[in-house]
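Every heavy atom of this structure was used, including side-chain atoms; hydrogens, water molecules and symmetry mates were not. Numbering starts at 1 and runs along the sequence shown. For ligands, and for the atoms within them, numbers begin at 1 and follow the listed sequence.
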Amino acid sequence: MGEKKKKIVKTIKVDLDKCNGCRACEVVCSAFHAAPKYSSNNPARSRIRVIHEPLKDVYVPVYAGEYAKAECMGRDKYVINGKEYDECSFCRASCPSRDLFKEPDSALPLKCDMCEDDPPQEKPLCVQWCLNDALVYEEREEEVEEEVKQEDVEIGLDSMIDKYGLEKVRDTVTRMSLAKKG
Ligand code: SF4
Ligand code: SF4
């Protein structure tokens with residue numbers, strides 16, 4: 001058992017009734033995470049995606065969650081206001097069965113980081129930019145067991161190893177470091 005410690009749990013409450021599908025949240029998220037910051041925007045790189053089913057008339061903002069190495073064994077199906085939605089529509093995982101929540105050029109997994117910044121943002125940017133108040137930021141304190149946080153770079157490498165194999169990734173990194181040393 002690990003040690004208990006206090007942790008601030010950050011959540012964003014999504015009110016579907018207020019979302020009009022303007023996609024400002026996608027635009028600002030992708031701009032904030034561009035390198036350098038705000039140098040470009042491309043919703044395909046956003047860590048929030050507004051799932052839109054035109055015939056069913058609903059907009060559902062979905063946040064990128066954990067990277068999943070494999071498709072899950074079961075699938076989710078949602079019925080909202082009596083209308084049934086496709087399997088996996090509102091899942092948060094970056095997983096091999098679809099393109100959602102993958103960096104379009106590298107295919108590396110994307111995950112919402114609550115706009116980690118230095119100095120910290122007062123509120124996540126998607127919340128600040130949602131003029132309809134469909135996204136509401138909340139914080140609460142909880143006692144949790146200390147966890148070992150996996151760095152973004154480790155998650156990215158893990159997904160590359162799954163895709164290309166450890167040997168290929170190791171050889172490529174070695175070759176690139178030698179080339180950089182010049
Ligand atoms: S910015 Fe707000 S209203 Fe616009 S799509 Fe995103 S959640 Fe919906
Ligand atoms: S909290 Fe920040 S990182 Fe997460 S989806 Fe919103 S803008 Fe993107």
Side-chain angles (χ1 to χ4, degrees), residues 6-68 76 78-81 83 85-86 88-95 97-142 144 147-160:
K6 299 265 187 208
K7 180 183 171 186
I8 301 289
V9 178
K10 304 173 177 181
T11 58
I12 297 174
K13 201 164 71 183
V14 181
D15 186 341
L16 294 193
D17 291 336
K18 292 185 176 166
C19 176
N20 66 0
C22 71
R23 298 191 188 272
C25 49
E26 292 184 345
V27 170
V28 73
C29 180
S30 65
F32 177 73
H33 290 91
K37 246 178 220 173
Y38 303 113
S39 58
S40 65
N41 80 71
N42 174 359
R45 298 200 163 93
S46 171
R47 290 132 201 253
I48 178 170
R49 297 310 305 269
V50 181
I51 309 297
H52 179 213
E53 301 258 358
L55 295 176
K56 295 174 183 166
D57 199 22
V58 69
Y59 297 99
V60 184
V62 178
Y63 284 87
E66 298 298 329
Y67 163 63
D76 290 335
Y78 286 78
V79 177
I80 304 176
N81 292 334
K83 293 166 188 161
Y85 293 84
D86 290 343
C88 311
S89 286
F90 309 125
C91 178
R92 301 182 61 208
S94 169
C95 100
S97 71
R98 55 183 192 163
D99 292 333
L100 206 64
F101 301 136
K102 291 194 181 107
E103 212 288 326
D105 300 326
S106 62
L108 288 174
L110 297 172
K111 182 182 168 191
C112 167
D113 59 4
M114 286 280 173
C115 297
E116 264 181 11
D117 206 4
D118 187 15
Q121 295 284 335
E122 189 197 329
K123 283 180 188 174
L125 285 152
C126 54
V127 173
Q128 293 185 43
W129 275 52
C130 179
L131 300 182
N132 297 315
D133 294 332
L135 307 176
V136 178
Y137 181 63
E138 292 174 351
E139 282 183 358
R140 65 175 188 277
E141 200 176 70
E142 266 185 14
V144 291
E147 59 182 61
V148 183
K149 191 175 174 232
Q150 208 183 5
E151 299 285 339
D152 280 357
V153 67
E154 207 178 321
I155 296 170
L157 272 174
D158 215 17
S159 77
M160 297 295 260

Is it true that E66 and R92 have a side-chain N and a carboxylate O under 4.0 angstrom from each other?
no
Give a yes or no on whether a salt bridge exists between R140 and E138, defined as a side-chain N under 4.0 angstrom from a carboxylate O.
no
At under 4.0 Å between heavy atoms, which part of P61 makes contact with ligand 1: side chain, backbone, both or neither?
side chain
Sequence neighbours excluded, the answer for side chain to side chain donor-acceptor pair (under 3.5 Å) partners of D117 is K37, Q121
Kindly write out the residues that satisfy side chain to side chain donor-acceptor pair (under 3.5 Å) with E103, not counting sequence neighbours, or none if the list is empty.
R45, S106
Suppose the criterion is ring-ring contact (aromatic ring centres under 6.0 Å, His included): which pairs have a residue in residues 35-63, not counting sequence neighbours?
H52-Y59
Atoms of type N, O or S from the protein that sit nearer than 2.8 Å to atom 2 (Fe) of ligand 2 number exactly 1
Any idea which atoms of ligand 1 are less than 4.0 Å away from a heavy-atom of [X]?
X: L135; result: 7 (S)
X: R23; result: 4 (Fe), 5 (S)
X: V50; result: 5 (S)
X: N132; result: 3 (S)

Please report which non-hydrogen protein atom sits nearest to atom 2 (Fe) of ligand 1, along with the residue it belongs to and the distance in Å to one decimal place.
C130 SG, 2.4 Å
Starting from atom 6 (Fe) of ligand 1, find the nearest protein heavy-atom neighbour and note its residue, name and distance.
C25 SG, 2.4 Å
Please list, in number order, the atoms of ligand 2 under 4.0 Å from a heavy atom of Y63.
5 (S), 6 (Fe)
